[in-house]
Each structure stands twice: as structure tokens, then as C-alpha cells.
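Everything below concerns the one structure shown next.
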Amino acid sequence: MSRVLAIDVGGTKAAVRAVTFGAVTRGTVAERTVAERTVRWEDGTAAGDLRRLREAAAGLGAGRPDAVAVAFPGTLDASGVVTRWPTRPSWRGIDLPGLLREWFGVRPLIGDDAVFAAYAEAHARDVPTLFYLGLGTGVGGAYARRGDPPERVTPCEAGHVVVRPDAPERCDCGRHGCLQAYASGPRVLAEARWLRGRPVTPSELAAGLRAGHRWAHAALDPAVAALGLTVADLAELLAPAVVAIGGGLGAGVPALTDRVRAEATRRLRAGTPAPDVRPARFGARASLEGAVLAATRTLPPPATEPIPPTTEPTRSTTEPTRSTEPAPTTEPARTTERKHRHDGRQPARPAPLAVPR
């Protein structure tokens with residue numbers, strides 16, 4: 001029996017999943033028990049965040065897992081110390097690998113959150129290439145090819161692709177017109193709040209779109225225009241077979257994907273193949289699913305013959321549930337990544353994103 005612990009650290013919360021694999025017998029798959037919790041950051045301090053994170057892991061009975069993997073959005077140096085994370089600046093200077101090793105007794109795998117998400121999405125689809133766009137507190141991106149292990153998935157700063165260089169407002173990075181300034185979750189919800197006159201949640205925005213409310217469609221228009229242009233550029237640069245849109249905004253507003261697909265197709269040159277723009281199969285849990293897969297690669301292989309992997313997403317709740325999935329193979333995962341993220345501050349409302357017709 002083996003146990004892995006996966007953690008997806010975000011700008012406003014963290015998700016923790018413990019997965020226990022039963023014994024593998026010839027001709028059967030490993031029994032898999034999953035327990036998961038989500039915690040929200042409260043006091044804005046690293047000490048408070050880390051306390052809640054450790055309590056969540058303890059509440060799952062994580063104890064001493066056989067492997068730990070963490071999807072992390074900040075910047076780490078070569079030794080794993082946090083050097084930059086605009087959303088949670090109090091984390092700067094934390095020796096993340098050392099702290100996790102002290103907690104759980106094993107050396108953790110720490111990877112870029114978009115890399116783990118792209119790895120999970122590519123693992124679940126029979127496609128040659130996939131680009132993942134994660135729309136959350138910031139906008140993350142990563143490119144994966146069929147069969148790539150996590151360390152071969154390529155991360156990128158998709159949120160800082162410039163889609164409107166003449167924009168009067170600045171992105172958090174200091175430049176004008178970055179994708180993140182139009183398509184991050186906080187930016188879209190801020191626009192919806194300005195148009196509606198009161199705070200709007202992703203589910204309320206989705207409901208407003210279904211009901212045909214003008215404020216909801218107008219709030220999403222800048223993000224659709226910016227994302228459609230970005231996907232069209234990706235088609236020229238990388239020609240991915242699939243662009244998977246995930247993150248909290250992507251999962252919470254299903255209508256976004258169809259609109260981005262249509263806008264990207266409109267922006268493409270005649271004859272250029274359009275990527276298949278799809279919702280992320282694992283929704284807002286893609287990074288967490290990828291962390292589970294990466295952690296399980298470090299476990300010893302089963303004594304019996306390998307079993308083909310499943311492509312179905314794992315169902316997880318706050319209480320342990322039982323399901324069947326295969327025992328994974330082993331290979332190391334990337335341990336340090338770079339990522340900029342939105343610092344949570346809302347700029348003045350930008351002018352509507354102009355899209356040439």
C-alpha cells in the first residue's frame with residue numbers, strides 16, 4: 001500500500017489531496033482511496049497560510065506519505081526558496097522544500113502549477129500536442145506533447161503576452177496590454193462588478209450569460225477578445241492540437257470556451273488549422289491532478305505487469321471516496337519553476353479592448 005500527497009497552492013486558497021493506493025494483483029488495477037480539502041488564506045501572513053495548509057494535510061491523515069508533490073505559482077531559486085510571489089509577498093524567503101520535508105519526512109516535488117495542469121490534461125487526452133491556459137488569479141500557460149513526463153512540459157508566461165500594446169492601463173508587470181490585464185479571474189469579475197453595480201461571483205457571471213444579461217456579456221467581451229487573439233497566435237507559433245482552458249474562471253464560466261473558440265477562428269489566417277479549444281477536463285483541479293500524477297511517478301513500480309492508464313478525471317470530496325485507477329510508473333519531476341502572478345490589486349477600469357473587425 002502506498003500514499004501520495006498533492007498540494008495545489010493558489011493566490012487565495014490551497015487544495016490538498018491524499019491518495020492511497022492498495023495492493024496490485026495480477027490482472028487487476030490498484031484500489032485508490034482519495035480524500036481532499038480546500039483551505040482559504042485568511043490573515044495575509046505566510047505563517048497563517050502555512051498553519052492552515054499543515055492543518056488541512058493533518059485533517060486528511062496524511063501523516064508520512066511516500067511522495068509529496070506541490071503545484072506552486074511563485075518563483076523559486078535553485079534551492080527551492082521563494083524569491084517572488086506578488087500575490088503572497090510574505091512567502092518570500094521561505095525554504096519550501098525544507099519546510100515540507102520537515103512536515104512529511106520526504107523530499108517534495110515542487111513544480112509550476114501550469115506545468116502540472118498541462119501534464120494532467122495531456123495525460124487524459126489522446127492528442128499529439130496540447131497548450132494549457134489557466135485563468136485564475138493570474139494567467140498561466142504550458143505546452144505538452146503526447147507522452148511528455150512533467151519535466152519535459154514547457155512552462156511560459158502566457159499572462160504576459162501583449163494583446164493590446166496601446167492600452168492606457170498597465171499590467172502588474174509594468175507593461176501595457178498584457179493578456180492577464182483582461183483575462184484573469186479578478187479582472188473579469190471587477191469588470192462585471194463595475195457594470196452590474198455590485199460584486200459578482202463566477203457562478204453569478206455564468207448565470208448572467210445564460211440569461212442573456214448585457215452586463216454579463218459585456219464583462220466577458222475583453223477577455224474573449226484577448227484570449228481569441230492569443231489562441232490564434234498560438235496556432236501560428238506552436239500549432240497545438242488542443243488548447244485547454246482551465247483555472248477558476250475557465251471552470252466557473254463554461255460559456256467562455258465556446259466564445260474563445262469562435263473568436264480565435266475569426267482571427268486566424270485563411271487555411272491555418274484552428275486548435276480545438278476545450279474546457280480543461282479536470283477544471284479548476286488540473287494542477288492538483290497533475291501533482292498527484294507527478295508524485296505517483298516516484299513510487300516503486302508494482303510487482304506485476306503495468307496496467308494501461310485511465311483517462312477519466314478523479315472524483316474527490318472532502319471525505320474519503322473509493323475508486324479504481326492504475327498504479328503509475330516512475331520518473332522524477334521538475335523541482336523548480338518560474339511564474340509571475342497577479343498581485344490581487346485591481347487597476348482602474350481599462351477602456352474596452354478594441355478588436356479590429
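Here the structure is a predicted model, which is why all the values come from computation and not from measurement.
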Classify the angle between the aromatic ring planes of W85 and F72 as parallel (below 30°), tilted (30 to 60°) or perpendicular (above 60°).
-> perpendicular
Out of curiosity, I245 CD1 to L133 CG, how far, rounded to the nearest 0.5 Å?
-> 6.0 Å
When rounded to the nearest 0.5 angstrom, what is the spacing between CG in L50 and CG in L99?
-> 5.5 Å
Could I get the full list of salt bridge (Lys or Arg N to Asp or Glu O under 4.0 Å) partners for R3, not counting sequence neighbours?
-> none
Do S90 side-chain atoms and A46 backbone N/O form a donor-acceptor pair below 3.5 Å?
-> yes
About how many Å separate CD of E157 and CD of Q180, when rounded to the nearest 0.5 Å?
-> 8.0 Å
May I ask you to decide whether D221 forms a salt bridge with R259, counting only side-chain N to carboxylate O separations under 4.0 Å?
-> yes
Could you tell me whether the side chain of S287 and the main chain of D113 form a donor-acceptor pair under 3.5 Å?
-> yes
Search all heavy atoms of P97 against all heavy atoms of I110 and return the closest pair with its distance.
-> CG-CD1, 3.7 Å
Electrostatic pair E36-R285, nearest N-O below 4.0 angstrom | yes
Provide the closest heavy-atom pair for H176 versus P165 in the form atom of the first, atom of the second, distance.
-> CB-O, 3.6 Å
Side-chain H-bond candidate by donor/acceptor type, T137 with R88, under 3.5 Å | no
A219 versus L205, closest heavy-atom pair with distance = CB-CD1, 4.5 Å
Considering only heavy atoms from C-beta outward, does the side chain of V34 approach that of R17 to under 4.5 Å?
-> yes
Could you state the interatomic distance from CG (L130) to CZ (R278), rounded to the nearest 0.5 Å?
-> 12.5 Å
Salt bridge between R146 and D126, side-chain N to carboxylate O under 4.0 Å?
-> yes
Ion pair check, R51 and D49, cut-off under 4.0 Å = no
Output yes when a side-chain donor or acceptor of R52 lies under 3.5 Å from a complementary backbone atom of R40, and no otherwise.
-> yes
Under 3.5 Å donor-acceptor, E191 side chain and V188 backbone = no
Is it true that a side-chain atom of T83 and a backbone atom of T75 form a donor plus acceptor pair closer than 3.5 Å?
-> yes
Residues, nucleotides or ligands: over 12 heavy atoms within 6.0 Å of R193 CZ = no
Correct closest heavy-atom pair for A294 and P150 would be CB-CG, 4.1 Å
